[in-house]
Amino acid sequence: MRGKFITFEGGEGAGKSTQARLLADRLEALGIATVLTREPGGSAGAEIIRYVLLSGGAKPLGPEVEAVLFAAARNDHVDHTIRPALDRGSWVICDRFLDSTRVYQGVLGKVDPRILRGLERVTIGETMPDLTIILDLPSEIGLQRAAGRRAGAGADRFENEEPEFHERLRTAYQEIAALDPDRCVLIVADGTEDKIADEVWNIVCSRLGAAKIEPAVGAVRA
Ligand code: TYD
């Protein structure tokens, strides 16, 4: 049976990577084979494109070209990591996916939504997430967290944008959640890591029935 595909989305420092990892640990503890991955990246070709994008090397080429590069990275990631994992029955948890492009390149970069839909059709096709968890946090808190995490290293291409950019980003994610409630759930991410992880788990169980899945032979229940 095809595995389930869960994506995490949200602004900088909202806690996506931590929550993606905690969820993957929880699923693995139930005996559910899980692949934890991220975008841009997650496959050999996509990791090369990640470097080009996050170094800011493609910024002078404009948001359309950045959108095409994110799409190229996604295509490689879907073909080599995500789809094969789902096909063999693993669950896939991905830190950022198509909504990041819709928000960063679409809403903020003003790339025509028709171009983005075309790119989605080509790169994602049927491999749409079953569930997208959007972590919602005031942008100034998220940026402070992201800066603390970097501990002296420079901000990347998108963290360097103005505060207004990050607040618009938050609103754009809220709109996506409101427009697509079948796929997306928004969580207010200002609680402790454990509290948010429990909330995520409850959503995964109620939407995808994770807790009802029989553990694989030999797996240890948490
Ligand atoms: P990353 O270092 O992975 O950190 P985080 O997810 O914690 O912010 O940064 C990825 C950056 O790339 C982030 O600023 C969002 C941006 N991005 C896009 O602009 N479009 C996309 O399609 C994706 C996947 C990411």
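Keep in mind the model is a prediction, meaning the values are calculated, not measured. Each ligand, and each atom within it, is numbered from 1 in the order the structure gives.
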What is the nearest protein non-hydrogen atom to [atom], stated with its residue, atom name and distance?
{"atom": "atom 14 (O) of ligand 1", "result": "E12 OE2, 2.9 Å"}
{"atom": "atom 7 (O) of ligand 1", "result": "R149 NH2, 3.7 Å"}
{"atom": "atom 18 (C) of ligand 1", "result": "F70 CZ, 3.1 Å"}

Could you tell me whether [X] approaches ligand 1 through its side chain, its backbone, both or neither, with non-hydrogen atoms closer than 4.0 Å?
{"X": "R50", "answer": "side chain"}
{"X": "R38", "answer": "neither"}
{"X": "L54", "answer": "side chain"}

Where do V200 and F8 land on the side-chain contact (heavy atoms from CB on, under 4.5 Å) test, with the steps shown first?
CA-CA 10 Å; V200 168; F8 279 85; 3.9 Å; yes
Could you check whether any side-chain N or O of R207 sits under 3.5 Å from a backbone N or O of D130, counting only pairs where one atom can act as donor and the other as acceptor?
no
Proximal ligand 1 atoms for [X], defined as those under 4.0 Å from one of its heavy atoms:
{"X": "Q105", "answer": "18 (C), 19 (O), 20 (N), 21 (C), 22 (O)"}
{"X": "R74", "answer": "22 (O), 24 (C)"}
{"X": "S100", "answer": "20 (N), 21 (C), 22 (O), 23 (C), 24 (C), 25 (C)"}
{"X": "E39", "answer": "24 (C)"}
{"X": "T101", "answer": "21 (C), 22 (O)"}

Side-chain touch I93/R38, heavy atoms, less than 4.5 angstrom
no
Contact check, side chains of V78 and F97, non-hydrogen atoms, under 4.5 Å:
yes
Within the 3.5 Å criterion, strictly below it, is a donor on R102 or Y173 matched to an acceptor on the partner's side chain?
no
Can you measure from [atom1] ([X]) to [atom2] ([Y]) and round to the nearest 0.5 angstrom?
{"X": "R74", "Y": "S43", "atom1": "CZ", "atom2": "OG", "result": "11.5 Å"}
{"X": "Q19", "Y": "I196", "atom1": "CD", "atom2": "CD1", "result": "5.5 Å"}
{"X": "T132", "Y": "R96", "atom1": "OG1", "atom2": "CZ", "result": "12.5 Å"}

